[in-house]
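In what follows, every chain begins at residue 1, and chains take the letters A, B, ... in the order their sequences are listed.
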There are 4 protein chains.
Amino acid sequence: MAQFTQIAELLAQQAIELPSWAFGNSGTRFKVFGTPGTPRTPQEKIADAAQVNKYTALSPTVALHIPWDKVDDYAALGAFATDHGVALGTINSNTFQDDDYKFGSLTHVDPAVRQKAIDHHFECIDIMHATGSRDLKIWLADGTNYPGQGDIRGRQDRLADSLAKIYARIGESQRLVLEYKFFEPAFYHTDVPDWGTSYAQVSALGERALVCLDTGHHAPGTNIEFIVAQLLRLGKLGSFDFNSRFYADDDLIVGAADPFQLFRILYEVIRGGGFGPDSGVAFMLDQCHNVEDKIPGQIRSVLNVQEMTARALLVDGAALKAAQDAGDVLGANGILMDAFYTDVRGDLAAWRESRGLAGDPMAAYAASGYQAGIAADRVGGVQAGWGA
Amino acid sequence: MAQFTQIAELLAQQAIELPSWAFGNSGTRFKVFGTPGTPRTPQEKIADAAQVNKYTALSPTVALHIPWDKVDDYAALGAFATDHGVALGTINSNTFQDDDYKFGSLTHVDPAVRQKAIDHHFECIDIMHATGSRDLKIWLADGTNYPGQGDIRGRQDRLADSLAKIYARIGESQRLVLEYKFFEPAFYHTDVPDWGTSYAQVSALGERALVCLDTGHHAPGTNIEFIVAQLLRLGKLGSFDFNSRFYADDDLIVGAADPFQLFRILYEVIRGGGFGPDSGVAFMLDQCHNVEDKIPGQIRSVLNVQEMTARALLVDGAALKAAQDAGDVLGANGILMDAFYTDVRGDLAAWRESRGLAGDPMAAYAASGYQAGIAADRVGGVQAGWGA
Amino acid sequence: MAQFTQIAELLAQQAIELPSWAFGNSGTRFKVFGTPGTPRTPQEKIADAAQVNKYTALSPTVALHIPWDKVDDYAALGAFATDHGVALGTINSNTFQDDDYKFGSLTHVDPAVRQKAIDHHFECIDIMHATGSRDLKIWLADGTNYPGQGDIRGRQDRLADSLAKIYARIGESQRLVLEYKFFEPAFYHTDVPDWGTSYAQVSALGERALVCLDTGHHAPGTNIEFIVAQLLRLGKLGSFDFNSRFYADDDLIVGAADPFQLFRILYEVIRGGGFGPDSGVAFMLDQCHNVEDKIPGQIRSVLNVQEMTARALLVDGAALKAAQDAGDVLGANGILMDAFYTDVRGDLAAWRESRGLAGDPMAAYAASGYQAGIAADRVGGVQAGWGA
Amino acid sequence: MAQFTQIAELLAQQAIELPSWAFGNSGTRFKVFGTPGTPRTPQEKIADAAQVNKYTALSPTVALHIPWDKVDDYAALGAFATDHGVALGTINSNTFQDDDYKFGSLTHVDPAVRQKAIDHHFECIDIMHATGSRDLKIWLADGTNYPGQGDIRGRQDRLADSLAKIYARIGESQRLVLEYKFFEPAFYHTDVPDWGTSYAQVSALGERALVCLDTGHHAPGTNIEFIVAQLLRLGKLGSFDFNSRFYADDDLIVGAADPFQLFRILYEVIRGGGFGPDSGVAFMLDQCHNVEDKIPGQIRSVLNVQEMTARALLVDGAALKAAQDAGDVLGANGILMDAFYTDVRGDLAAWRESRGLAGDPMAAYAASGYQAGIAADRVGGVQAGWGA
């Protein structure tokens with residue numbers, strides 16, 4: 001197995017983008033609980049996100065969601081972020097909260113509705129130019145609830161046409177990443193339900209169109225690390241939305257439900273050349289902190305990704321290959337498990353301290369008083385959530 | 001196979017309770033779409049529910065949800081229902097929308113919160129006395145999102161204690177039905193996740209405590225008709241919440257996702273003595289009409305249950321038993337399928353007409369102008385939904 | 001809705017290939033039950049398969065599995081089939097029962113094992129030339145049981161290389177169809193687990209490489225008709241392996257577990273141009289009759305496909321499109337359900353009789369005495385199964 | 001968190017019974033691979049099982065499967081075991097490999113077949129008296145593949161009757177444990193599919209009838225530790241069959257698929273009083289080593305259980321309770337994860353050495369030459385498997 005010192009430099013390359021909406025309220029169809037100190041503005045979300053980076057140095061960028069994070073002056077918003085030590089990242093479009101999209105957006109049978117959804121993406125691309133963002137991320141809520149409600153095939157054709165129009169608009173240094181999702185909010189069929197569909201659609205667009213893999217968007221039992229390996233092999237893995245789930249798209253803290261799965265995913269990322277700034281694979285979180293505190297929830301999340309990345313980097317690749325080639329099932333599995341079972345937390349704490357950070361970011365944040373401060377300061381206004 | 005005339009009398013015994021909340025708006029965490037004509041008050045919900053019964057004669061009662069349907073004068077509400085040709089039915093409690101219940105209600109670690117939840121049920125029982133309702137239905141959203149968040153065992157013990165206090169309060173002609181649910185809104189564990197837990201809990205209470213089976217609350221692949229047969233065998237099947245699902249608790253129109261499953265469920269209901277007014281098994285709907293019209297959605301639903309009940313009643317029980325006893329796999333299966341594949345819709349239309357109803361309730365409702373009327377009349381106010 | 005007379009001609013175009021192995025014994029890892037009359041030779045399997053066609057006129061061809069159906073003289077076997085009124089169809093390769101394939105076949109780390117598996121496919125292609133078969137069907141059991149056991153990425157690359165060698169060998173009028181399977185016999189990962197992988201692999205090969213969709217090879221909750229629509233759209237749906245399942249790859253009689261799903265699948269086949277001899281989409285069965293009689297099990301199966309095809313053909317496409325375009329959820333769903341609920345069995349019986357067949361093929365076969373004849377005649381020898 | 005020294009004494013109480021059949025060949029319906037050195041007799045299985053105990057001191061007993069392990073003289077077999085440092089344990093019945101059981105055993109419609117199955121259990125009880133076994137374990141393969149094939153309700157009643165007859169025969173210091181299984185080998189319904197059914201059935205029998213929980217026998221997404229907590233609460237958890245799975249009943253090495261789940265299960269075992277010799281909860285393995293070596297596979301398995309038990313024992317219960325009571329979601333989760341992420345392997349190795357064992361049992365076994373010895377010695381005869 002590798003030594004921690006051997007992987008320290010690689011760990012320093014890790015960056016995990018935070019979603020602005022993770023700092024607002026979220027919940028289920030049954031209830032959205034509010035909490036003191038929840039941001040009311042994009043600026044307050046960015047300020048909170050900056051706290052995560054302050055204590056971990058792992059999250060230098062913040063993803064925006066349009067229209068939730070619309071502002072008049074994106075240059076000013078970018079400057080605000082810079083002042084807080086972070087930068088603006090991926091732009092996420094939203095075509096699921098307008099009444100016009102009840103029966104679809106980019107797939108809608110009505111050309112006027114489709115054009116409205118396309119125009120929304122054009123607006124997002126304009127914002128990307130203003131913010132300097134590289135990635136336009138499209139997650140579609142489009143789908144149907146009842147057999148016969150829509151024409152599955154026709155919708156797929158219309159989707160291809162809409163995406164082509166959007167892709168034609170992005171800049172040469174920009175990318176379009178298309179997320180897939182197994183189900184929800186549509187229950188009978190979703191228009192981009194699996195990696196195969198996303199892959200087929202982006203392949204038809206061009207080189208700068210890629211797949212976004214959200215770790216919570218698969219059927220039960222799906223081997224996600226296989227998809228990672230396959231998409232890297234095909235050159236089409238653009239980004240991750242990290243989170244975890246026990247059953248559906250639970251959007252829990254990444255690594256919370258099945259840490260070993262996260263380890264295996266990260267191992268395939270590294271194995272396939274998907275780690276590091278030159279890989280073209282963006283790491284992002286996409287989670288909901290329904291019952292836990294949001295800022296420490298995000299800190300815990302990026303630490304989980306970091307800890308599992310460290311374990312995955314520790315795998316003795318040469319020994320593993322030798323065992324695999326020899327058909328030594330238990331030996332090969334044991335080499336992988338050795339890395340997984342290694343407790344890297346002490347080494348990571350020391351490494352953090354060597355870089356001027358607190359060894360225990362969770363404790364440091366808790367001790368900072370920030371949470372009490374925002375709870376006291378942010379009085380009045382409307383707390384941010386998915387509806388605003 | 002039986003002839004339709006042989007089952008007509010049994011069909012006349014069928015009653016399917018409607019949930020008042022099906023007439024309000026519902027949706028997902030992503031979006032709740034509103035529609036013109038949606039009720040603003042319990043009275044308007046009851047008026048809409050009465051339309052379903054008017055055209056089908058299948059839904060003589062309406063279930064209330066407290067506090068969504070709280071009124072000052074339940075006698076007046078009952079009289080309003082009677083005036084519209086229906087009666088008030090099951091009272092559903094709600095312990096998932098108060099901030100105090102963020103970490104549990106009947107299972108909460110704090111005795112004060114538990115008592116608040118118990119008191120809410122006492123209030124529901126008071127309402128039951130006022131409305132003449134038989135059943136108090138408890139669906140608990142209690143659970144946790146993260147391993148370690150709660151003490152699974154301690155919560156179960158507290159649940160038993162809380163339920164005992166509630167059960168002690170119900171009247172001698174009243175019943176407590178405890179619903180189970182696999183997941184959602186809690187994602188790691190729910191406190192009543194399966195029929196076994198509900199059965200163990202209600203068995204500890206007494207004879208008037210029974211299990212409520214919601215057809216959408218199971219893990220994928222679960223054989224629901226087996227549970228029906230088992231609970232009937234154990235004398236503990238109290239009621240159904242009918243709906244359908246493709247993946248999670250989709251709350252789609254009953255029979256929409258897997259009509260054959262609905263047929264099998266109803267066959268086991270009949271086989272086990274769960275059909276008819278003397279059976280003690282209450283049929284209810286619990287659905288969400290997120291994208292389809294609500295009143296016709298409910299009409300379609302009760303018709304689906306009726307059509308599948310008719311098919312299930314047509315099964316030639318003697319021939320089936322003979323084939324089963326002979327180990328004739330294909331023969332036995334064929335006898336069941338014969339009934340399922342029989343198109344009863346024409347017979348049912350004629351039967352309806354013989355009883356003074358329209359043969360096609362969907363068309364009759366559509367032609368009635370009611371929908372346009374409520375869309376025009378119900379202007380202003382706040383449309384009913386889950387949050388109010 | 002269309003009238004039955006309008007679809008009669010289309011129904012006459014339907015052909016469903018039977019798998020020779022369906023007539024041999026099959027079972028689970030726990031037990032394989034034998035039955036009197038089970039074939040001992042490829043000839044006896046073909047004779048049994050011919051019975052299915054005799055009573056249904058639906059299954060003019062029989063698929064062979066190599067080496068289970070290896071013979072010295074394929075011309076003679078073809079003549080035997082012709083004498084029985086059927087023809088030889090798809091050739092299925094087998095790379096899962098040789099000890100050398102314990103850790104893979106086309107994906108094996110050892111070039112010698114890979115070449116052995118490739119050579120087996122070359123042999124299959126030779127047989128195809130002898131039998132006049134069009135399709136070489138490859139289902140791979142390759143995969144691993146434990147994380148780390150194999151190099152997922154490396155195996156995928158080796159698979160691509162092996163497939164390219166096989167594809168280069170097939171004749172100009174021959175096709176390679178690659179089946180995918182979610183799990184089993186490998187439990188951690190399979191090398192072709194989903195349609196996306198099969199699609200990516202066959203797309204790299206060329207036009208005559210296509211995807212085979214086995215209806216039992218998906219994760220729970222997967223919308224199979226979506227995949228049908230997508231593969232037809234991409235021009236890559238080569239064939240179906242029909243069967244049904246409740247949970248895993250149960251290989252039950254097609255339509256037995258979820259008839260509505262079969263209807264939806266067939267509707268998308270027709271919608272997308274996948275029906276009929278010119279479509280390039282081959283219909284096959286791939287089932288296991290573990291506890292039911294085999295020949296009537298196959299008769300029941302082809303009738304199920306036919307009955308659901310008839311229902312799907314009856315869908316009023318123009319009305320459906322109008323309802324879909326109008327956003328009429330219940331109306332569109334109702335149009336689909338109208339066709340599904342229509343009992344076509346009487347019309348099909350009359351249609352069969354008009355073509356000189358028995359109206360009830362199940363009864364006609366049962367009355368024929370064939371089953372008793374083979375039970376009496378086929379004494380001694382080794383009954384065919386998966387091991388031989 | 002507790003210190004390792006505080007838990008050492010508790011760890012010494014751990015005993016995990018091995019299944020004799022784990023040392024024979026196993027596989028899937030597609031292929032059973034044989035391996036050099038596989039036992040041919042019950043004695044050779046016991047000798048192999050003794051190797052696991054020799055290197056781990058964790059597996060003092062071996063479970064037998066009747067008829068696979070039938071011998072003429074059980075006293076002699078017991079003495080053989082004693083000579084090898086182990087004892088005979090649970091007796092497992094088998095009612096799934098006789099042709100008479102094709103349509104059921106204890107549930108069969110034919111009283112003669114039921115009596116045959118009951119008599120088989122009487123024979124098992126006789127063997128228990130001869131071997132001094134405490135537990136009779138019943139896993140039923142009974143079920144059906146097609147709707148209508150059997151009468152679900154009638155089968156359940158017959159099961160109750162058969163079990164009562166068997167229970168009446170067991171001795172006062174003996175127990176009956178009834179295992180449940182979600183699916184396989186039956187695909188439509190199984191007669192004991194879930195813990196609720198097993199609980200209802202054994203509750204009707206008496207105090208010495210208990211539930212056996214096999215960790216691979218649940219629907220996807222099922223929270224198994226909840227069932228553990230519930231059964232302990234109800235006083236009905238009799239034993240575990242440990243293994244792991246990614247999708248179905250894969251019977252992989254315990255802890256291999258989801259080590260965190262194993263940790264959570266063991267935590268609830270300890271939390272609920274199910275750990276230790278006085279708890280009445282028996283730990284057993286039930287696995288299939290289809291592609292890996294069997295003896296080291298079993299060593300790896302008991303070590304996995306031990307390692308996760310150690311982690312679970314390390315949980316700081318007082319701190320956890322405090323965090324839970326305070327509603328500190330992240331804090332409580334963090335306390336649990338701290339124990340899970342602690343690498344106990346070094347401490348366990350030292351502890352083993354302090355007890356005269358090798359620090360690394362896997363390496364010690366590999367170095368012993370035992371595997372080469374049995375491969376050389378066990379020539380000829382028929383390797384043990386599920387069929388013999």
Counting heavy-atom pairs under 4.5 Å with chain C, which one of D:P220, D:S26, D:A141 comes out on top? D:P220
Sub-4.5 Å side-chain heavy-atom contact between D:F183 and C:D250: yes
When D:F103, D:Y101, D:F182 are compared by non-hydrogen pairs under 4.5 Å with chain C, the top option: D:F182
From C:D251 CG over to D:R29 CZ, what is the distance, rounded to the nearest 0.5 angstrom? 4.5 Å
Non-hydrogen atoms of chain C under 4.5 Å away: do they reach the side chain of D:A248, the backbone, both or neither? both
Taking all heavy atoms of C:L252 and all of D:F187, pick out the closest pair and write down the distance. CD2-CD1, 4.0 Å
For chain C, which candidate among D:D99, D:N290, D:T144, D:V32 shows the most heavy-atom pairs at distances under 4.5 Å? D:D99
Heavy-atom distance under 4.5 Å to chain C: side chain of D:Y188, backbone, both or neither? both
Over 60° means perpendicular and under 30° means parallel, so classify the ring planes of D:W139 and C:F30, tilted if in between. tilted
With a 4.5 Å cut-off on side-chain heavy atoms, are C:S244 and D:Y146 touching? no
Can you tell me which portion of C:P147 sits under 4.5 Å from chain D's heavy atoms? Options are side chain, backbone, both or neither. side chain
Can you say whether D:D98 sits under 4.5 Å from chain C via the side chain, the backbone, both, or neither, judging by heavy atoms? backbone
Just how far is it from atom NZ of C:K31 to atom CZ of D:F96, taken to the nearest 0.5 Å? 10.5 Å
For D:K102 and C:T35, which heavy atoms make the closest approach, and how far apart are they? NZ-CG2, 3.5 Å
